[in-house]
Amino acid sequence: MLNSTINQDFFLSDAISLAKNLLGKILVRTINGQQIKVRIVETEAYMGANDRASHSYQFRKTSRTLPLYQIGGTTYIYLIYGMYYCFNIVANAQENPQAVLVRAGEIISGQKIIEDYLKPTKRKQSLAKLASGPGKLAMVLKIDRSLNQISLLNNQELTLIADDFTVNEEDIIAAKRINIDYAKEDKEHLWRFYLKNHLAVSK
DNA sequence: ATTCGGATTCTCT
DNA sequence: GAGAATCCGAATA
């Protein structure tokens, strides 16, 4: 399998393009020298200042949303419902606060390591379902606030790579984003993207 | 200082 | 399909 690193330019597009381009790419999480790899199969684009669903709607700038104003490739991680983390990858140049929520992934290595820290009840879930949702994906990758606002380029603990897995346009399904009823008309956009027929896509 | 509710998930029914 | 779990950011005052 041919692996290649991903450079800065990859992240310097709008969030919709980045959300599609992230499908099929691999998140590599390193914990105590051991690697967990998850292939991204579902994403959502949050388009920033003009998107009511976005935390940076109307350029809202608070301590939480500061990572969104950094350069593409920066992480944006926050706690939701008091118990789950959402992992986002910032898109675009500085001061253009768009990001992609990584919603689901396929575990392709490191299953043993993951089982060591999952709750016993979770361990018997099928592998395909373990990272089938944003909170679950963050749990599998042990992503929490300590990884917030870091660059995915050349980071020791969390990086993004590509292999020879290819995604064609016809393999990508576009759908409405999930759980953003508060976003009024912006909830209608088809800014959720996932790989057709993939088992690990969230329900 | 206080209030409100969320880019979720699991466990019931 | 409904309800709970559970923290903290954001808005209001």
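Note on naming: letters A, B, ... go to the chains in the order of the sequence lines (proteins, then strands), and numbering restarts at 1 for each one. If you're wondering where the values come from, they're calculated on a predicted model, not measured in any experiment.
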Checklist line | salt bridge (Lys or Arg N to Asp or Glu O under 4.0 Å) pairs, two or more places apart, involving residues 26-49 of chain A | finding: A/R39-A/D163, A/E42-A/R103, A/E42-A/R192, A/E44-A/R103

Notebook entry, point to check: For A/Y84 and B/dT8, do the ring centres fall under 5.5 Å apart while the planes stay under 30° apart?
Noted result: no

Item checked: Polar side-chain atom of A/K25 near backbone of A/N21 as donor-acceptor pair, under 3.5 Å -> yes

Item checked: C1' gap between B/dG5 and C/dG3, integer Å -> 16 Å

Notebook entry, point to check: Within the structure shown, what part of the strands sits under 4.0 Å from A/G82 by heavy-atom distance: base, sugar-phosphate, or nothing?
Noted result: base

Notebook entry, point to check: Taking atom CG of A/L12 and atom CD1 of A/I71, what is their separation to the nearest 0.5 Å?
Noted result: 5.0 Å

Check: A/Y76 pairs by side-chain contact (heavy atoms from CB on, under 4.5 Å) with which of A/N148, A/L101, A/L66?
Finding: A/N148

Check: Got a sec: does the CD of A/Q156 have more than 12 other heavy atoms crowding it under 6.0 Å?
Finding: no

Note to self: Distance check needed: B/dG5 C1' versus A/R64 CZ, whole Å only.
What the structure shows: 11 Å

Margin query: Using a 6.0 Å cut-off, check whether atom CG of A/N154 has over 12 heavy atoms from anything other than its own residue.
Written below: no

Note to self: Using 0.5 Å steps for rounding, measure from the CZ atom of A/F11 to the OG atom of A/S17.
What the structure shows: 14.0 Å

Next item on the list: Round to the nearest Å and state the distance from A/W191 atom CH2 to B/dA7 atom P.
Entry: 16 Å

Notebook entry, point to check: How is the base pairing of DNA chain B summarised as a dot-bracket string, given the Watson-Crick and G-U wobble criteria with both distances under 3.5 Å, [ ] for crossing and | for another strand?
Noted result: ||||||.|||||.

Note to self: Please give me every residue in residues 96-106 of chain A whose heavy atoms get under 4.0 Å of an atom in DNA chain B, ordered by residue number.
What the structure shows: A/L101, A/R103

Next item on the list: Could you tell me whether the side chain of A/R177 and the main chain of A/E188 form a donor-acceptor pair under 3.5 Å?
Entry: no

Note to self: According to ring-ring contact (aromatic ring centres under 6.0 Å, His included), does anything in residues 148-193 of chain A pair up with another residue at least two apart or in another chain? List the pairs.
What the structure shows: A/H189-A/W191

Notebook entry, point to check: Once you round it to whole Å, what is the distance between P of B/dA7 and CD1 of A/I89?
Noted result: 19 Å

Next item on the list: In plain terms, say whether A/E185 and A/R52 are close enough for a salt bridge, that is, a side-chain N and a carboxylate O under 4.0 Å apart.
Entry: yes

Check: Near DNA chain B, under 4.0 Å by heavy atom, which residues of residues 43-57 of chain A?
Finding: A/Y46, A/A53, A/H55

Check: Could you give the CG-to-P distance, from A/L137 to B/dT8, as a whole number of Å?
Finding: 13 Å

Next item on the list: Report the distance from atom OH of A/Y78 to atom P of B/dT8, rounded to the nearest whole Å.
Entry: 7 Å

Next item on the list: Measure the acute angle between the ring planes of A/F59 and A/Y69, then classify it against the limits of 30° and 60° as parallel, tilted or perpendicular.
Entry: tilted

Next item on the list: Would you grab the first and last nucleotide of DNA chain C (5' to 3') that comes under 4.0 Å of any non-hydrogen atom in chain A?
Entry: C/dA5 to C/dA11

Notebook entry, point to check: What's the spacing between A/D51 CG and A/Y57 OH if we round to 0.5 Å?
Noted result: 9.0 Å

Check: Which whole-number value in Å describes the distance from A/K136 NZ to B/dT11 C1'?
Finding: 13 Å

Next item on the list: Describe the nucleic acid contact of A/S202 in one word from base, sugar-phosphate, nothing, applying a heavy-atom distance below 4.0 Å.
Entry: nothing

Item checked: Protein-nucleotide distance (A/L79, atom CG; B/dG6, atom P), rounded to Å -> 15 Å

Margin query: Check this for me, if you would: do A/K129 and A/E106 make a salt bridge, where the nitrogen-to-carboxylate-oxygen distance has to be below 4.0 angstrom?
Written below: no

Note to self: Checking side-chain contact (heavy atoms from CB on, under 4.5 Å) between A/L160 and each of A/V102, A/I40, A/N155, which is the one that passes?
What the structure shows: A/I40

Next item on the list: Output yes when at least one side-chain N/O atom of A/N179 is less than 4.0 Å from OP1 or OP2 of B/dA7, else no.
Entry: no

